[in-house]
Amino acid sequence: MVARIVEVEAYRGSDDPASHAFRGRTPRNAPMFGEPGHAYVYFTYGNHYLLNITTQKAGTPGAVLIRGVQPTEGIEMMRRLRPHVPDSELTNGPGKLTKALGVDKALNGLDMTRKGALFVVDRNESRFEIWRSTRIGIGEAGLNHLWRFYIRNNPYVSRHKPVRELKFS
DNA sequence: TCGAAGATTCTA
DNA sequence: AGAATCTTCGAA
C-alpha cells in the first residue's frame, strides 16, 4: 500500500500544552524524545491508533501527527481493512488511516526513514498549495498556533472546521 | 490504587 | 448531539 500525506499537525514539548510531551517523558510518549524520523503510535478513545513521526533531535520532544492520506496504491487492501466504507472515507482522519493501513502499536518506535514495514519517501511534488490552521480536537490549549498543515480542498483532508486558516505556501 | 480525560469515530 | 471504549497518567 502507498498513500500520499495530505494533512499533518505539529506537536512540541514543554511549550505546547496540547502535546503529550508537555509534562515531560512518560512510557507512552518516549518515542517523542528519541531520534527523529521514527514512528510514535498511541491508542486513544478505546478504539483508535494514531500515527506520528518524530521530528526533533534526540532529547528534544517533537512529532507530527498524520491526520489524512490519499490512497495511491493498494486501495483494495485498504477497503478490506475498513469494510463498508466509501473510498472517500477510507483515510480522511487520523484514526481512519491507521486502520486502513494496518498501523498499530507493533510499529511504535520504527525508523521510518529506512525501507521497512512503514516508511516515508519524498516524491518531490510541487504542484500543490499548502494551507495552515489551528489544530483539531485539542482544547483552548493550542489555539494560539497555526500548527495544522494541509492541502486545501484535497478530499482526504479530515472534515473539520478550523478556528482559523490561511495560505502557507 | 483510582478517577478522569482523551491529538476520534460512528450513529441517531 | 452523544455514546462507545480502554489506555495512560497523575494524584491520593
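Convention: sequence-line order gives letters A, B, ...; per-chain numbering from 1.
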Rounded to whole angstrom units, what separation is found between the CE atom of A/M32 and the P atom of C/dT8? 16 Å

Geometric cation-pi criterion, A/R4 with A/F128: 6.0 Å, 45°: yes

A/Y49 backbone acceptor or donor facing A/T98 side chain under 3.5 Å: yes

Using whole Å, what does the distance between atom P of nucleotide B/dA7 and atom CD1 of A/I53 come to? 18 Å

A/H38 backbone acceptor or donor facing A/D111 side chain under 3.5 Å: no

Between CZ of A/F22 and P of B/dA5 the distance, given in whole Å, is 17 Å

Quick one: stems for DNA chain B, with Watson-Crick or G-U pairs under 3.5 Å, at least three in a row? B:1-6 with C:6-11, B:8-11 with C:1-4

When we call it a touch if two heavy atoms are under 4.0 Å apart, what does A/R135 touch: a base, just sugar-phosphate, or nothing? nothing

Would you say whether A/Y45 stacks on C/dA4? The test is a distance between ring centres of less than 5.5 Å and an angle between planes of less than 30°. no

Check the distance between C/dC9's P and A/Y42's OH and give it to me in whole angstrom. 12 Å

Working for salt bridge (Lys or Arg N to Asp or Glu O under 4.0 Å), residues A/E165 and A/R152: CA-CA 10 Å; A/E165 74 173 353; A/R152 201 171 183 235; 3.1 Å; yes

NZ or CZ of A/R28 within 45° of A/Y42 ring axis and under 6.0 Å: yes

How long is the line joining CD of A/E7 and C1' of B/dA7, in whole Å? 11 Å

Over how many whole Å does the gap from A/N29 atom CG to B/dA7 atom C1' extend? 13 Å

Rounding to a whole Å, what distance do you find between A/R23:CZ and B/dA7:P? 12 Å

Distance-only donor-acceptor check, side chains A/S158 and A/E7, under 3.5 Å: yes

The nucleotide from C/dC9, C/dT7, B/dT8 with an atom nearest the side chain of A/P27 is C/dC9

Nucleotide N/O of nucleotides 9-12 of chain B paired with protein N/O under 3.5 Å:
| unit_1 | atom_1 | unit_2 | atom_2 | d |
| --- | --- | --- | --- | --- |
| B/dT9 | OP1 | A/P94 | N | 3.2 |
| B/dT9 | OP1 | A/G95 | N | 2.6 |
| B/dT9 | OP1 | A/K96 | N | 3.0 |
| B/dT9 | O4' | A/H48 | NE2 | 3.1 |
| B/dC10 | OP1 | A/R82 | NH1 | 3.0 |
| B/dC10 | OP1 | A/R82 | NH2 | 3.3 |

Please check this pair: side chain of A/R132 against backbone of A/L146, looking for a donor-acceptor N/O pair closer than 3.5 Å. yes

I want to check one thing: is the phosphate of C/dT8, taken as OP1 and OP2, less than 4.0 Å away from some side-chain N or O of A/H20? no

Answer with base, sugar-phosphate or nothing: what part of the nucleic acid does A/I138 contact at a heavy-atom distance below 4.0 Å? sugar-phosphate

How long is the line joining CG of A/L90 and P of B/dT8, in whole Å? 19 Å

May I ask you to check whether A/Y11 and A/H20 place their ring centers less than 6.0 Å from one another? no

Quick one: label A/K105 by what it contacts on the DNA or RNA (base, sugar-phosphate, nothing), any heavy atom closer than 4.0 Å. sugar-phosphate

Flag if over 12 foreign heavy atoms under 6.0 Å of CD, A/E140: no

